[in-house]
Amino acid sequence: MATVQLTPKDFSDLLEFSKSLAKSAGEVIRSGSKAILQDGAVDEKKNSVDLVTEWDVKVENLVKGEISKTYPDFKFIGEESYSSGDRPTLSDDPTFCVDPIDGTTNFVHGFPFACISIGFIYKRQPTIGVIYNPFLDQLYYALKGHGAFLEVPGYSNPLRLPISKARPLESLSQALLGVEWGSDRRASVIQKKANSFVRLAGDSKEVLGGKMVHSLRSMGSAALNYSTVAQGGLDSYWEIGCWPWDVCAGIVIALEAGCYVTGSKQYFLAHRDEEPLDLVDWDELLWGRKYIVIRAIADTATEKGRDTQRRLVEDFYNTVEEWDAE
Ligand code: IPD
């Protein structure tokens, strides 16, 4: 297929299409939630905490079907259609990258933080991100170069992200951080996660290397973690083990909100000074399985916000342990 050339009008149509698709999918997610809390069936994918429901599959089929009607030539990467082993490499072709229900564990338990995450990749770059939490009716969206927004009940106009102007953040000790237990519970891995959480939360007087951050939060959805960092409600979010469909939309929203987005420690050290982020090797970053994002930080008299973001990511990586995702 010759590379499709998209115009600015195509992008705004794609954004509107994705927003409306996210809302329709959200209705299905909401009815699925009611049904599943009554008598729904849950399958365990890799182990008893890696869950999938008939609703993940239903929502993905709905989204895939609508995309193929409107954009029959575009590619599709989706959580439920991906069979491990065949890792699609990013090409120049327009590609949707979708997680039908991100936060399946929350969905199964009725914890109201689950969403649909629709990312769109153009010329190998995540370009559109739409994330919709149907339980709170919160719609986050961004188109590369046009800012990131949140539509939320009670406000007649979309709110630009971050919601309040970027604040300073001097050190990790003042931060509220998003971390996740994830579904990889191998003994060696769970120990490293726990060690990392202890060092982040612990008081350095008693915990070697302790940062004593304000607190740690686990939202249970990578996409909502990115959106909340973009919004300014979390200072940073770190996770090992996610997939491109968990993070693609969130990355666009975060970048458009002035966040700094990167991958593993090794990836960060190799690419830390690259600007603009358009130079990023997106294939490596999206499939890298290790992700960190830090919110927009205000410049101070002595340090540019971008430098603070990098300094804090480095400090973070010197505090936590890493492991290879399964
Ligand atoms: C999961 C969620 C969870 C994260 C896992 C993801 P899923 O996605 O984002 O927060 O810890 O790594 O796989 O399975 O609910 O779509």
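First listed ligand is number 1; within each ligand, the first listed atom is number 1. Both backbone and side-chain heavy atoms feed into the values below; hydrogens, waters and symmetry mates do not.
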Below the 3.5 angstrom mark, is there an N/O of Trp243, backbone or side chain, next to an N/O of ligand 1?
no
Per-atom contacts of ligand 1 with Gly220, taking only distances under 4.0 Å to non-hydrogen atoms
2 (C), 3 (C), 10 (O)
Applying a 4.0 Å heavy-atom criterion (strictly less than), which segment of Asp56 is in contact with ligand 1: side chain, backbone, both, or neither?
neither
Report yes or no: is the cationic atom of Lys19 (NZ for Lys, CZ for Arg) under 6.0 Å from the centre of the six-membered ring of Tyr132, at an angle within 45° of the ring normal?
no
Do Cys242 and ligand 1 have an N or O pair less than 3.5 Å apart?
no
For Tyr141 and Phe149, I'd like to know if the aromatic rings sit close, meaning centre-to-centre distance below 6.0 Å.
yes
Any nitrogen or oxygen of Ala223, side chain or backbone, less than 3.5 Å from one on ligand 1?
no
Angle between ring planes, Phe113 versus Phe111, binned at 30° and 60°: parallel, tilted or perpendicular?
tilted
Below 4.0 angstrom from a heavy atom of Asp99, which ligand 1 atoms are there? Numbered from 1 as shown, please.
16 (O)
Ignoring angles and geometry beyond distance, decide whether Thr105 reaches within less than 3.5 Å of ligand 1 through its nitrogen or oxygen atoms.
no
From the options Leu312, Leu269, Ile292, select the one residue that forms a side chain to side chain contact (heavy atoms under 4.5 Å, CB included) with Tyr317.
Ile292
Taking 4.0 angstrom as the limit and counting only heavy atoms of Ile101, give me the atoms of ligand 1 inside it, by number and element.
15 (O), 16 (O)
Which segment of Asp246 sits under 4.0 Å of ligand 1 when only heavy atoms are counted
side chain
Hey, does Ala222 come in under 3.5 Å of ligand 1, counting only N/O atoms on both sides?
yes
What class does the angle between the rings of Phe197 and Trp238 fall in, given that below 30° is parallel, 30 to 60° is tilted and above 60° is perpendicular?
perpendicular
Option with minimal heavy-atom separation from atom 7 (P) of ligand 1, where the choices are Val247, Val179, Asp102, Val108
Asp102
Between Asp13 and Lys9, does any side-chain N to carboxylate O distance fall below 4.0 Å?
yes
All N/O donor-acceptor pairs, side-chain side in residues 226-233, below 3.5 Å, sequence neighbours left out:
| residue | atom | partner | partner atom | Å |
| --- | --- | --- | --- | --- |
| Ser227 | OG | Ala223 | O | 2.8 |
| Thr228 | OG1 | Leu224 | O | 2.6 |
| Gln231 | OE1 | Tyr140 | OH | 2.5 |

Nearest neighbour of atom 5 (C) of ligand 1 from the list Glu239, Glu79, Met219, Glu180, on a heavy-atom basis:
Glu239
Using a 4.5 Å side-chain heavy-atom cut-off and chaining through intermediate ILVMFWY residues, the residues clustered with Val207 come out as Val198
